[in-house]
A.B. asks: 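Got a structure for you, questions after.
In what follows, chains carry the letters A, B, and so on, assigned in the order in which the sequence lines appear, proteins first and then strands, with residues in each chain numbered from 1.
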Amino acid sequence: MNDTHPTADNATADPGLRELRRQLDTVSSRDFGRLLGRWRGLSRRADEGKLAALRADIERSVARRRARAAAKPPIRLDESLPISARGEDIVRLIREHQVVVIAGETGSGKTTQLPKLCLAAGRGEAGMIGCTQPRRLAARSVARRVAEELGTPLGDLVGFQVRFNDQVSERSLVKFMTDGILLAETQGDPWLSAYDTLIIDEAHERSLNIDFLLGYLKRLALKRPGLKIIVTSATIDTARFAEHFGGAPVVEVEGRAYPVELRWRPVDARPRDGMQQGSAEHIAAVLDEISHDDPRGDVLVFLPGEREIRDAHQLLSRRQYRETEIMPLYARLSAGDQDRVFKPGVKRRVVLATNVAETSLTVPRIRYVIDTGTARVKRYSQRSQLERLHVEPISQAAADQRKGRCGRVGPGVCYRLYDEADFSGRAAFTDPELLRSSLANVILRMLALKLGEVDEFPFLEAPDPRVVADGFRRLTEISAIDDARKLTPIGHTLARLPIDVQLARMLVEGEKLQAMRELLTIVSFLSIQDPRERPGDARQQADAAHAAFADPKSDFVGVLNLWRAYHDAHEELTQSKLRDWCSRHFLSFMRMREWRELHRQLLLVVQELGWKLDVSSAAQNEAQNARFAPPPASRGRLGGGEAFCDVAQNQKRTPPQPSPASRGGSESGAGQLYESVHRALLAGLPTQVGRKDEKGAYLGTRERKFQMFPGSALAKAPPNWVFSAQILDVGGRVWGMMNARVEPLWIEQQAAHLLRTSCRDAHWSKKRGCVVAYEQVSLFGLVLVEKRPVTFQQQDPALAHAIFLREALVRGDIESRADFVRANQRVLEEALGIEAKQRREGLIRHEDDLVSFFEGKLPGEIASSRALDAWYRKARPAEQAALRWSLDDVLVGGAALDAKAFPAALDMDVRVPRAQDAQERPLDMDV
DNA sequence: AGGGTTTTTT
């Protein structure tokens, strides 16, 4: 059975063609689409030669599929696992339905046995059985186990693929992978044609990847009737998955867990003054109770984070429980310390853990769970456009998952440090990640895959339209999409880079600014988990070790320093020496390797894109040797004075680009490189900037306030202007985590498309010979430039001309070669003399009248001395003469000879726009 | 003056 496209059954009269169409249903899924296309073409227009070729290709594909079927090993289920009892039902349901939901707790055996049941149901022949896992470690270890059970070497009939590691062969019937890999494959093969069956495991975790995949698969299922989909989940919320796929059957398989007794232990049940619910004291009190009943059973305590773990660790250690080890467990813990948890000794153990122990890691031998009922949860706040990391009460589902962690070796007891009413008031399920995240990445991927309107995509739960709009806005901010919300060339490039869009955007800019090498290093660092370790008993040593690489101006330069040192160590040292090197510098060996591998992966993509690392190999050598110089204190316009020459360029709203000076070599080369690197960073996160206020806090865009994170190398001497790669609200305090000193000019240049500019105080400048104004430039409320002189001509030519007439020509405040200007002033002086002699005020005409004298006598675009001179030189004598004042022109009637000639005109209020108007009315120019 | 949950990607 294979995919049959709805429009494919236009029956042809030709029996040969019809027979060939039937055969198409028995080809390999990978070839089906292409072969069907060729068949369609031939059924429209016959061609004997092509028909023969198609027949041959179809036969080859059918043969490949037969070979796969023949290679199937005998299938034996592990009868000790609960799922095996339901094997026949499951096989039948897979045969009869396109989508099946399997609900089973840990220990049910679903992950390892389901692929085998699929094989038994005839799957894996047309294409592979693809099994996804949320974590790389799980994908690999489950693959190993299933390969073993099927008696095949790993990578042969059973393979796996995770990032950096691909062990799948042509012969593979079953492929384990992370859900991220499957999602990534949609880009190269939208039909996912390598598979005839997909198993999405642990769907209840509802990660971004899983939610996106489930939406994608819902649509794909309609287009590929031959594709089978199995969704597995813990026994929670299975109805939602079944409903999502139009009423798929649900099979419930019991787990193999032991019963767990629940005991509620809120603070008020054990009155003690000042004891906070879930605090270290509270935990200690419950641990006392456990120890009293059973001093031997291992205990797993769930806490929200490292700090709480540290506090509890201190308090519990002081209490000196008999024959007991207290040990922390969290993701940032060094590999060695984590390993200790998995090798229990003779002593009783109390493991203080974060959420890692909820899903990612399984702590062995646990008999008791103490659940504080809280966790730190990351949420993207669309309103403040900020990531928040706050302690929140966990959902009922998460609490039950924690409870289950003590029922694996025998009956367990779970102590909840809250009461039942609290529990029943909680959310049933943890919010899916999709509803807690910025959607820029999801939307970019949807655009790249041409999935149509975001609000029509069949998500299990649709995201808030405001968050969708925010995602689009973020993509606009980095120029990934245009006004029509279509991908720009930049956007297409971002979609090809397997990292966060904003980080990918930095790479794109790094290429443009010729700082690819540095950006690859920084961006890959920002994509991995921080490799720096800070063990509780050696925090100062660790800080000192890390400080060796730090740069006082930029944490990113610090990253480059670290990379260089690590790179050298990697070249010179053996594997085990490198391990030593890492631990000496308090660096996680694994994560450093991850960094290197991601760097290499990005390097390959970048080479595919045809990007060059450097301008030339010469520049490359110099750049490598160049030390990073601090940004120059003042450059160009920032220095004032000669700055003015840049102004004209600024009018076009394209701030000056950096000089094309080579990046390497000289001192200025290093400064140039610093600038290029940080401007590239700004391009990815153009709004993550701030200016220091009097109190040392930073004022950022959108009225956002943040503080320099104390762990940043810049914390000792915070610069005036800062770029921060991550601004995080941690329990109400907002920190800029990784920072660098930048120039406001760089921000202006990289955020040119987001700026708001207003012009004020337009006036004539004799010195510069043109009309100027003061420009204020701001980025979402953050003023980047307070008061910068700019030529006013382009802003408002008519107003500039009017100001020119009044302030330059009428007042004579201009240096010009045009002789009429000085002549006019002499006339004016003469008139003033007459006024003085007659001792009468108001003999001289109102300035407005003098201005209107000039109106229409010279071209309206003239607003500078240069323009005036150029025109005047070529003007006809009559035109020149018309600009000269006589006493009549300057004096009120009666004072001059022919009073009758213009009586009334004198009193008329001829108004022209006046300079003050410009002062009163700033010109808003949205860009 | 002062410190962070977890996972994943062509």
A.B. asks: Starting at NZ of A:K378 and ending at P of B:dT8, how long is that distance when rounded to a whole Å?
C.D. replies: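 From A:K378 NZ to B:dT8 P: 15 Å.
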A.B. asks: From CG of A:D311 over to C1' of B:dG3, roughly how many Å is that when rounded to an integer?
C.D. replies: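 Computing the A:D311:CG to B:dG3:C1' distance gives 12 Å.
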A.B. asks: Which sits closer to the 5' end of DNA chain B, A:S712 or A:L329, going by the nucleotide each is nearest to?
C.D. replies: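 Nearest nucleotide further toward 5': that of A:S712.
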A.B. asks: Does a side-chain N or O from A:T354 land closer than 4.0 Å to OP1 or OP2 of B:dT6, or not?
C.D. replies: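 Answer yes for this pair, as a side-chain N or O of A:T354 is under 4.0 Å from OP1 or OP2.
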A.B. asks: Would you kindly check if the NZ (Lys) or CZ (Arg) of A:R445 is within the cone defined by 45 degrees around the ring axis of A:Y216 and under 6.0 Å from the six-membered ring centre?
C.D. replies: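 So A:R445 doesn't make the cation-pi contact.
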A.B. asks: Show your working on side-chain contact (heavy atoms from CB on, under 4.5 Å) between A:R379 and A:L435 and close with a plain yes or no.
C.D. replies: CA-CA 8 Å; A:R379 284 181 190 274; A:L435 303 185; over 6 Å; no
A.B. asks: Counting heavy atoms from C-beta on, name the nucleotide in B:dT5, B:dT9, B:dT8 closest to the side chain of A:R135.
C.D. replies: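 Selected nucleotide (nearest to the side chain): B:dT8.
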A.B. asks: Tell me what A:A375 touches on the nucleic acid: a base, only sugar-phosphate, or nothing, going by heavy atoms under 4.0 Å.
C.D. replies: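 Here A:A375 touches no strand at all.
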A.B. asks: Once you apply a heavy-atom cut-off of 4.0 Å, does A:D179 come out as touching a base, just sugar-phosphate, or nothing?
C.D. replies: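 It contacts nothing in the nucleic acid.
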A.B. asks: In terms of ring plane angle, is the pair A:F525 and A:W595 parallel, tilted or perpendicular, where the classes change at 30° and 60°?
C.D. replies: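 Correct class here is perpendicular.
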A.B. asks: Are any of A:T178's side-chain N or O atoms less than 4.0 Å away from OP1 or OP2 of B:dT7?
C.D. replies: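 Answer no for this pair, as no side-chain N or O of A:T178 is under 4.0 Å from OP1 or OP2.
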A.B. asks: May I ask you to evaluate whether A:Q707 reaches the phosphate of B:dA1, defined as a side-chain N or O under 4.0 Å from OP1 or OP2?
C.D. replies: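 It does not, given that no N or O in the side chain of A:Q707 lies less than 4.0 Å from OP1 or OP2 of B:dA1.
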A.B. asks: Are the side chains of A:T232 and A:T111 in touch, meaning some heavy atoms are under 4.5 Å apart?
C.D. replies: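 No; the side chains remain at least 4.5 Å from each other.
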A.B. asks: Using whole Å, report how far NE2 of A:H390 lies from P of B:dT5.
C.D. replies: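 From A:H390 NE2 to B:dT5 P: 12 Å.
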A.B. asks: Just the rounded figure in Å: distance from C1' of B:dT5 to CD1 of A:I309.
C.D. replies: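 Atom CD1 in A:I309 sits about 10 Å away from atom C1' in B:dT5.
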A.B. asks: Could you check whether A:V730 gets within reach of a base, just the sugar-phosphate, or nothing at all, counting any heavy atom under 4.0 Å?
C.D. replies: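 Sugar-phosphate, no base atom in range.
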A.B. asks: Starting from C1' on B:dT5, measure out to CZ on A:R379 and report it in whole angstrom.
C.D. replies: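 After rounding, the reported distance stands at 12 Å.
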A.B. asks: Rounded off to whole Å, could you give me the CZ-to-C1' distance for the A:R332 and B:dG3 pair?
C.D. replies: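 About 9 Å, once rounded to whole Å.
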A.B. asks: Report the residue (A:P498 or A:R388) whose heavy-atom-nearest nucleotide on DNA chain B is the more 5′ of the two.
C.D. replies: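 Residue closer to the 5' terminus by nearest nucleotide: A:R388.
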A.B. asks: When all nucleic acid strands are considered with a 4.0 Å heavy-atom cut-off, which category describes A:E185: base, sugar-phosphate, or nothing?
C.D. replies: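 If one applies the 4.0 Å heavy-atom cut-off, A:E185 turns out to touch nothing in the nucleic acid.
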A.B. asks: Measuring to OP1 and OP2 of B:dT9, would you say a side-chain N or O of A:R136 lies under 4.0 angstrom away?
C.D. replies: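 Yes, because at least one side-chain N or O of A:R136 sits under 4.0 Å from OP1 or OP2 of B:dT9.
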A.B. asks: Could you please name the option among B:dT5, B:dT9, B:dG2 that lies closest to any side-chain atom of A:A715?
C.D. replies: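 Nucleotide nearest to A:A715's side chain: B:dG2.
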A.B. asks: Base, sugar-phosphate, or nothing for A:I499, non-hydrogen atoms under 4.0 angstrom?
C.D. replies: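 Base, at least one base heavy atom under 4.0 Å.
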A.B. asks: Mind checking A:R445 for me? I need base, sugar-phosphate or nothing, with any heavy atom below 4.0 Å counting as a touch.
C.D. replies: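 Base contact.
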A.B. asks: Rounded to whole angstrom units, what separation is found between the CG atom of A:L389 and the P atom of B:dT5?
C.D. replies: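 Result: 6 Å.
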A.B. asks: Rounded to the nearest 0.5 Å, what separation is found between the CZ atom of A:F212 and the CD atom of A:E433?
C.D. replies: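 Separation between the atoms: 13.5 Å.
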A.B. asks: Using whole Å, what does the distance between atom P of nucleotide B:dT7 and atom CD1 of A:I200 come to?
C.D. replies: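 Going from CD1 in A:I200 over to P in B:dT7 covers 20 Å.
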A.B. asks: Among B:dT6, B:dG4, B:dG2, find the nucleotide with the atom closest to the side chain of A:M737.
C.D. replies: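 Among the listed nucleotides, the one closest to the side chain of A:M737 is B:dG4.
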A.B. asks: State which of B:dT6, B:dT9, B:dG3 makes the closest approach to the side chain of A:I181.
C.D. replies: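 Of B:dT6, B:dT9, B:dG3, B:dT9 is nearest to the side chain of A:I181.
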A.B. asks: Is there a side-chain contact between A:R206 and A:F429 in this structure, where contact means two heavy atoms from C-beta onward sitting under 4.5 Å apart?
C.D. replies: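 Answer no - side chains too far apart.
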A.B. asks: Look at A:R307 and B:dG4 and indicate whether a side-chain polar atom (N or O) is within less than 4.0 Å of OP1 or OP2.
C.D. replies: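 Looking at the OP1 and OP2 atoms of B:dG4, one of them is under 4.0 Å from a side-chain N or O of A:R307.
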A.B. asks: Mind checking A:G188 for me? I need base, sugar-phosphate or nothing, with any heavy atom below 4.0 Å counting as a touch.
C.D. replies: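 No contact.
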